[in-house]
Amino acid sequence: MTAQGPGYGKGDAVIEYSDKEPAKANRTVDRRSLIRFGAAAVGSVALASCAKENPDRKVRDGGGKGGRYDVAVIGAGYAGITAARDLAAKGWRVVVLEARPRIGGRTFTSRFLGREVELGGSSVHWVQPHIFAEMQRYGFGFREVPLYDLDASYIVTSDGTVHNVPPAKFDALYNDAFNKFCAGARTLFPQPYKPFTNPEVLKLDDISAAQHLASLGLDPLAKAALSAELVLYAGGQLATFSYPSFVKLFALAGWDPYTFTDSEKHWHIANGGTAALAKAILDDSKADVRLGTVVKEVEQGDKGVTLRTADGQTVEARAAVFTLPTSVYPDINFKPGLSTAKREFIAHGDSTDGADLYMKVRKNLGNTFTFCDDPNPLNAIQTEEFGNDGTILKATLGRQSLLDINDQDAIGAALRKIHPDAEITDIAPYNWVKDPFSKQAWPAYKVGWFKRYKDMATAEGRLFFAGAATAGGWHEYIDGAVESGIRACREVTEKLAREDGANG
């Protein structure tokens with residue numbers, strides 16, 4: 001029996017994830033030997049197999065004490081590859097263990113009908129300092145997608161009624177609701193990267209986005225538009241979503257609604273997308289990388305960490321950095337077990353039901369944008385390309401469980417409620433919840449758990465933790481993942497350096 005991960009429309013490839021354990025194989029790969037992972041990956045970047053370790057690694061004097069490697073990094077998303085690069089640059093011997101046959105984690109650059117698309121984390125901006133610095137470091141610019149100068153805009157209320165709202169009014173309604181929802185953000189988050197500088201935030205974390213939204217007395221259309229946006233960030237129903245965790249993201253965008261919207265929907269990475277930048281980061285690393293390597297057990301001792309994989313490998317290291325999506329941690333047997341605080345956060349603090357979907361419509365719909373309030377499944381529908389050849393739309397779903405995103409007919413029926421004569425010819429969905437190495441989409445804090453996110457970031461002995469959900473800043477973005485990888489490198493280096501100093 002297989003659980004389908006990303007599914008593609010008629011005539012396109014499908015990646016299947018199997019419940020069975022992978023066959024044993026030597027999966028060590030050379031970071032310099034990057035190839036495309038065949039048709040199944042549809043253009044995503046992966047690494048080629050190679051039996052040799054990285055020959056260019058320079059080892060710190062005394063490195064490797066207590067294990068073959070100084071550090072094992074579990075996960076090759078942006079948190080993992082950033083941590084691996086920075087740790088290796090310090091001279092530590094580093095190995096990266098990645099369950100997927102590709103790098104990038106919950107980013108996924110692919111191709112759809114000849115054009116580059118992002119099926120996971122995608123938006124970047126110059127107000128996001130960590131990812132912008134990486135783009136500058138490796139010479140990547142921005143690729144613009146349509147967002148402004150709309151030809152038409154729509155708001156679908158919770159009862160399914162479609163409202164054709166002129167773009168100027170659409171903007172005014174949304175901005176009014178947004179500003180009211182985020183009122184007081186400058187006082188609440190004077191230093192957004194230190195989100196609890198104002199202790200009032202700790203109290204507000206017990207208020208859900210639904211409660212706060214209901215208290216504002218908004219125009220019904222304005223409320224519907226903002227509710228659709230919030231459902232996306234929540235990856236679920238608003239009754240479970242931490243109200244101040246969203247306001248923090250607004251504060252990170254300079255407390256400005258235009259900048260926030262510009263940062264979340266307008267700019268992607270040019271010249272190869274998120275996959276190409278991930279490749280550049282890993283190319284710059286002296287770490288070894290093993291793809292298709294699923295860590296199943298972690299045993300921590302006084303002098304090191306032993307990791308055992310599904311295909312029978314054993315990896316020894318002095319320390320380990322875990323960069324996994326929160327929902328994946330229960331799949332690993334930790335000996336001894338993780339702290340109670342961490343187990344509670346894993347069980348309750350962060351999980352999302354989101355998915356991404358591209359679709360080709362035969363007709364030229366022009367540059368359009370739609371917000372659909374819950375429980376309408378296609379929460380945000382944005383034109384990515386339009387012309388005589390038709391329209392390519394991107395839909396983001398906060399609750400993928402409301403719609404079978406691999407069913408082209410079902411998607412077409414949902415879209416025709418807004419565009420009655422739209423005929424979908426192709427689709428390219430990715431269901432992050434059904435990806436066994438993700439089990440959730442982007443990070444989102446539940447009510448009462450934003451104030452406890454640092455529990456997930458706290459080191460436990462020789463185990464260190466990164467990933468966007470552990471970031472102080474842009475926790476629902478690539479920037480948060482990079483931030484967390486930088487922090488993990490610093491924490492590991494401090495520990496190993498102290499040990500080396502103590503040992504003379």
Side-chain angles (χ1 to χ4, degrees), residues 146-148 150-181 208-241 246 257 261 264-265 353-359 361-384 386 391 393-405 407-424 427 429:
L147 180 61
Y148 305 114
L150 295 175
D151 296 312
S153 49
Y154 306 87
I155 298 173
V156 183
T157 48
S158 60
D159 62 1
T161 303
V162 179
H163 301 263
N164 187 339
V165 182
K169 182 178 179 181
F170 181 98
D171 287 346
L173 287 168
Y174 177 76
N175 288 337
D176 179 64
F178 192 97
N179 284 324
K180 288 178 179 176
F181 189 90
S208 73
Q211 290 173 299
H212 185 58
L213 187 63
S215 73
L216 301 178
L218 297 174
D219 172 276
L221 286 183
K223 182 179 179 181
L226 181 58
S227 177
E229 175 85 299
L230 293 170
V231 167
L232 290 180
Y233 277 85
Q237 295 176 298
L238 298 188
T240 67
F241 185 40
F246 180 83
T261 300
E264 65 166 348
K265 294 183 177 73
D353 192 31
D356 291 305
L357 165 68
Y358 284 84
M359 48 192 147
V361 175
R362 194 180 300 278
K363 181 181 179 179
N364 180 2
L365 300 176
N367 185 15
T368 70
F369 190 92
T370 305
F371 268 137
C372 300
D373 193 6
D374 195 51
N376 300 287
L378 305 177
N379 296 115
I381 309 170
Q382 177 178 353
T383 294
E384 290 255 335
F386 62 99
T391 309
L393 300 172
K394 181 180 181 180
T396 310
L397 297 80
R399 299 174 64 196
Q400 60 78 33
S401 55
L402 296 175
L403 179 71
D404 181 354
I405 64 172
D407 185 337
Q408 184 166 312
D409 292 335
I411 295 165
L415 183 65
R416 281 191 294 275
K417 293 177 181 178
I418 305 158
H419 302 286
D421 55 351
E423 178 188 353
I424 295 179
I427 61 173

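All values derive from a computational prediction rather than experimental measurement.
- Two residues are said to be in side-chain contact when any heavy atoms from C-beta on lie closer than 4.5 Å; Thr370 and Ile155 fail this criterion.
- The distance from atom NZ of Lys394 to atom OH of Tyr358, rounded to the nearest 0.5 Å, is 4.0 Å.
- Taking OG1 from Thr261 and CG from Asn175, the interatomic distance works out to 6.5 Å, rounded to the nearest 0.5 Å.
- Between the side chains of Ser401 and Asp353, at least one donor N or O lies within less than 3.5 Å of an accepting N or O.
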_Step-by-step salt bridge (charged side-chain N to carboxylate O under 4.0 Å, His left out) determination, Lys265 to Glu384_ = CA-CA 10 Å; Lys265 294 183 177 73; Glu384 290 255 335; over 6 Å; no
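- Distance alone, capped at 3.5 Å, is enough to place a donor-acceptor pair between the Asn376 side chain and the Asp373 backbone.
- Contact between Ala228 and Cys372 at its shortest, heavy atoms only, is CB-O, 3.2 Å.
- Across every non-hydrogen atom of Ala395 and Met359, the tightest pair is CB-CE, 3.7 Å.
- Taken from CG in Leu150 to OG1 in Thr368, the straight-line distance is 7.5 Å, to the nearest 0.5 Å.
- The distance from the NZ atom of Lys417 to the OG1 atom of Thr161 is 10.5 Å, given to the nearest 0.5 Å.
- Lys223 is linked by a side chain to side chain contact (heavy atoms under 4.5 Å, CB included) to Leu213, Leu218, counting only residues two or more places apart in sequence or in another chain.
- The side-chain contact (heavy atoms from CB on, under 4.5 Å) test with Val231 singles out one residue from Leu397, Leu238, Thr396, and that residue is Leu238.
- Two residues are said to be in side-chain contact when any heavy atoms from C-beta on lie closer than 4.5 Å; Leu393 and Leu365 meet this criterion.
- Put simply, the side chain of Gln400 never gets that close to the backbone of Ile405: no donor and acceptor are under 3.5 Å apart.
- Of the inter-residue distances, the one linking Leu221 atom CG with Tyr154 atom OH reads 14.5 Å to the nearest 0.5 angstrom.
- Here the closest heavy-atom approach between residue Pro166 and residue Ser153 is recorded as C-OG, 3.7 Å.
- A donor-acceptor pair is defined here as one N or O able to donate and one able to accept, closer than 3.5 Å; no such pair exists between the side chain of Thr391 and the backbone of Phe386.
- Side-chain contact between Glu264 and Tyr233 is present, with at least one heavy-atom pair separated by less than 4.5 Å.
- Going from atom CZ of Phe170 over to atom CZ of Phe369 covers 5.5 Å, rounded to the nearest 0.5 Å.
- Nearest heavy-atom pair, Ile424 versus Ile411, reported as atom, atom and distance to 0.1 Å: CD1-CG2, 3.7 Å.
- In this structure, the side chains of Leu173 and Leu226 stay at 4.5 Å or more apart for every pair of heavy atoms.
- No side-chain heavy atom of Asp219 sits under 4.5 Å from any side-chain heavy atom of Asp176.
- Put simply, the side chain of Pro257 reaches to within 4.5 Å of the side chain of Asn179, judged on heavy atoms.
- Nearest approach of Gly398 to Leu232, heavy atoms of both residues: N-CD2, 3.5 Å.
- Side-chain contact check for Asn367 versus Leu147: every heavy-atom pair is 4.5 Å or farther apart.
- For the pair Asn379 and Arg399, the tightest heavy-atom approach, listed with the atom from each and the gap, is OD1-N, 4.0 Å.
- Aromatic rings of Phe371 and Tyr174 (six-membered ring for Trp) have centroids within the 6.0 Å cut-off, being under it.
- The shortest distance between side-chain heavy atoms of Thr157 and His163 falls below 4.5 Å.
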